[in-house]
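The structure appears below as structure tokens.
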Amino acid sequence: QVQVVESGGGLVQAGGSLRLSCAASGNIYTIETMGWYRQAPGKLRELVATMNRAQNTNYADSVKGRFTISRDIAKNTAFLQMNSLTPEDTAVYYCYTDLWVIKNRDVVNIVSWGQGTQVTVSS
């Protein structure tokens, strides 16, 4: 079993900042990619930012220059620094992990999601 837990959401005024944290635990062999997706009411879940083990990043155009993703690979954690927040950033943010887990004598590739953390930006 793999657990993915995220935190750091909350209510912030426009122009403010938040830092999201994500921690994965369990029988993990290695995590290839970690990142965040977000979903606003009535909207599709969309990619926000990801980083793979090679430290290649992928950002949504709407957050480039404002959000920064980082990882501590040894600790199976990831962070999303969100600056210059706007009301359009209001959503539930979900941590995404693409990882290899140990199952008996093998490793298998799975995707695991965090429970989501609410980010609300007021004007």
Item to check | Test log, rule side chain to side chain contact (heavy atoms under 4.5 Å, CB included), inputs Ile28 and Asn76 | outcome: CA-CA 9 Å; Ile28 298 170; Asn76 293 331; 3.9 Å; yes

Next on the checklist: Go through it in stages, so that I can follow the logic: the residues are Thr33 and Thr97, the test is side chain to side chain contact (heavy atoms under 4.5 Å, CB included), and I'd like the CA-CA distance, side-chain angles, deciding distance and then a yes or no.
Outcome noted: CA-CA 6 Å; Thr33 303; Thr97 60; over 6 Å; no

Checklist entry - Does the side chain to side chain contact (heavy atoms under 4.5 Å, CB included) test come out yes or no for Asp89 and Phe67, once each step is laid out? => result CA-CA 11 Å; Asp89 297 314; Phe67 292 9; 3.9 Å; yes

Next on the checklist: Walk me through whether Asn83 and Ser17 qualify under side-chain hydrogen bond (donor to acceptor under 3.5 Å, both in side chains).
Outcome noted: CA-CA 4 Å; Asn83 298 326; Ser17 298; 2.8 Å; yes

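To the nearest 0.5 Å, atoms OG1 (Thr68) and CE (Met51) are separated by 9.0 Å. The distance from the CZ atom of Arg71 to the CD atom of Gln55 is 8.5 Å, given to the nearest 0.5 Å. Of the inter-residue distances, the one linking Met34 atom CE with Cys95 atom SG reads 4.0 Å to the nearest 0.5 angstrom. The OG atom of Ser70 sits 8.5 Å away from atom CG of Leu80, with the distance rounded to the nearest 0.5 Å. The distance from the CG atom of Leu20 to the OG atom of Ser7 is 8.0 Å, given to the nearest 0.5 Å. Atom CD of residue Gln3 and atom CD of residue Gln115 lie 11.5 Å apart, to the nearest 0.5 angstrom.
Tyr96 and Tyr37 have their aromatic ring centers within a separation under 6.0 angstrom.
Considering only heavy atoms from C-beta on, Met82 comes within 4.5 Å of Tyr93 through its side chain. For the pair Asn56 and Asn58, the minimum side-chain heavy-atom distance is 4.5 Å or more.
Here the shortest heavy-atom pairing between Ala14 and Ser123 reads CB-CA, 4.2 Å. Minimum interatomic distance between Leu85 and Arg66 (heavy atoms only, all atoms of both residues): CA-NH1, 3.9 Å. Ala91 approaches Arg38 most closely through the heavy-atom pair CB-CB, 3.8 Å.
Tyr94 and Ile31 are not part of a single hydrophobic cluster, where members link through side-chain heavy atoms under 4.5 Å apart. Note on Phe79 and Val63: separate hydrophobic clusters, where clusters join Ile, Leu, Val, Met, Phe, Trp and Tyr whose side-chain heavy atoms are under 4.5 Å apart, directly or indirectly.
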Tell me which donor-acceptor pairs under 3.5 Å the side chains of residues 100-113 have, and how far apart each pair is, sequence neighbours excluded?
residue, atom, partner, partner atom, Å
Asn109, ND2, Asp98, OD1, 2.8
Asn109, ND2, Leu99, O, 2.9

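Tyr59 places a side-chain N or O within donor-acceptor distance of the main-chain N or O of Ile69, the cut-off being under 3.5 Å. Side chain of Thr117 to backbone of Gly9: a donor-acceptor contact under 3.5 angstrom is found. Using modelled atom types, one side-chain atom of Glu6 and one backbone atom of Gly116 make a donor-acceptor pair closer than 3.5 Å.
For the residue pair Glu32 and Thr30, no side-chain donor N or O sits within less than 3.5 Å of a side-chain acceptor on the partner.
Judged as a salt bridge (Lys or Arg N to Asp or Glu O under 4.0 Å), and not counting sequence neighbours, the contacts of Asp61 are Lys64.
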